Amino acid sequence: MLTETNGSWSDRMASLALPLLDAATVAAARCYSWIGRGDKIAADHAAVEAMRAHLSTVPGHGVVVIGEGEKDNAPMLFAGEEIGCGQGPEFDLAVDPLEGTNLCARGWPGAITVLAAAPRHTFAPIVGFYMDKLVVGPAAHGAIDIEAPIEDNMAKVAAAIGIKVSSLQVAVLAKPRHAELIARIRATGAGVVEIPDGDVMAGLASLVPGGGIDLSAGIGGAPEGVITACAVRLLGGDMQGKPAPQSDEEREMVTDAGELGRVYALDDLSESDDGIFVASGVTGSTALPGVTVSRDGFHVQSVLITRDQGLLRIGSTVRD
Ligand code: VTB
């Protein structure tokens with residue numbers, strides 16, 4: 001529970017913004033030489049190393065609450081790892097050093113480096129690996145209900161935005177589990193933007209003007225859900241989630257924790273208004289261009305989202 005809400009708390013959180021931006025930026029630059037090289041492990045490793053090195057110097061005391069998956073036995077940036085140099089805020093950190101490792105390895109659009117921070121104990125402690133999610137931008141705040149059929153959600157979102165259902169563009173991960181969802185969305189006349197991976201980016205595209213997505217729907221990673229929620233909350237969009245176990249083992253884990261069937265409102269996923277969200281493009285997409293290189297170095301485009309500044313787009317050059 002957040003106990004400190006005064007201005008100085010916000011200031012201390014704000015002191016994290018630029019160091020976190022640096023960490024995401026440098027990680028994206030380090031991924032450049034792995035774009036399209038077919039090696040997602042090496043790409044991820046490059047991002048993790050760069051991000052980890054930067055995070056040791058950020059102000060304050062952070063605890064990684066969402067990190068490199070338990071699935072992977074990650075040696076760095078695992079959940080529970082403490083980071084920061086100690087002088088500054090106590091914060092939760094959620095990281096996905098390279099979100100869309102496969103996209104990067106194949107040279108497909110949508111890979112990003114991403115981190116989110118918020119006052120300590122304000123990101124949801126997530127049990128399980130998968131989450132069903134609905135994400136919309138500010139215009140459709142209050143229009144979603146993850147317990148209702150997708151068609152009803154689309155009708156409400158379209159009405160809130162002021163367009164026809166058949167004009168909606170809905171982002172869905174192109175996975176076999178979504179065959180029915182995709183067919184039902186298309187049956188309404190709306191478009192489905194099928195993305196091979198990377199639903200944090202899809203969420204971001206639903207939030208930012210020009211992102212080209214009105215609604216992001218379907219089952220993706222639970223950790224990615226919390227990271228997305230931080231951005232959604234800061235930008236005034238809306239999101240709901242629900243555990244969606246994909247194996248018997250995961251179902252048992254979620255059931256034992258009493259979370260099966262639970263609906264996470266946006267506030268449950270990301271409780272504080274003082275969060276910070278940073279993403280840097282690795283392979284470009286509509287909402288965020290990817291890294292390019294010139295004789296001056298690696299050119300990285302990022303978004304930095306904070307309560308006070310809203311969304312800032314920042315271009316940086318990283319020299320070797
Ligand atoms: C999800 C999604 C991610 O990987 O975690 C997905 O949230 C994994 O889904 O954005 P599968 O196990 O079904 O492949 C991403 O797409 C990329 O990390």
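Worth saying up front: this structure is predicted, and the values here are computed from it rather than measured. Each ligand, and each atom within it, is numbered from 1 in the order the structure gives.
Of the N or O atoms in Val200, none lie within a sub-3.5 Å distance of an N or O in ligand 1. Considering backbone and side-chain atoms alike, Gly220 places every N or O at 3.5 Å or more from each N or O of ligand 1.
Looking at every heavy atom in both residues, Ala17 comes nearest to Thr306 through CB-CG2, 4.3 Å.
For Gln246, no heavy-atom contact with ligand 1 is shorter than 4.0 Å.
Here the side chains of Asp214 and Met154 are not in contact, with every heavy-atom distance at 4.5 Å or above. Between Met76 and Glu68, every side-chain heavy-atom pair lies at or beyond the 4.5 Å cut-off.
The only option from Ile112, Thr101, Val114, Leu115 that meets the side chain to side chain contact (heavy atoms under 4.5 Å, CB included) definition with Asp96 turns out to be Val114.
The Glu99 neighbourhood of ligand 1 comprises atoms 3 (C), 10 (O), 17 (C), 18 (O), with distances under 4.0 Å to a heavy atom of that residue.
Within 6.0 Å of atom CZ in Arg307, more than 12 heavy atoms from other residues, nucleotides or ligands are found, so the atom counts as buried in its surroundings.
Met201 does not count as a contact of ligand 1, since none of its heavy atoms falls under 4.0 Å from the ligand. Under a 4.0 angstrom heavy-atom cut-off, Tyr130 registers as being in contact with ligand 1.
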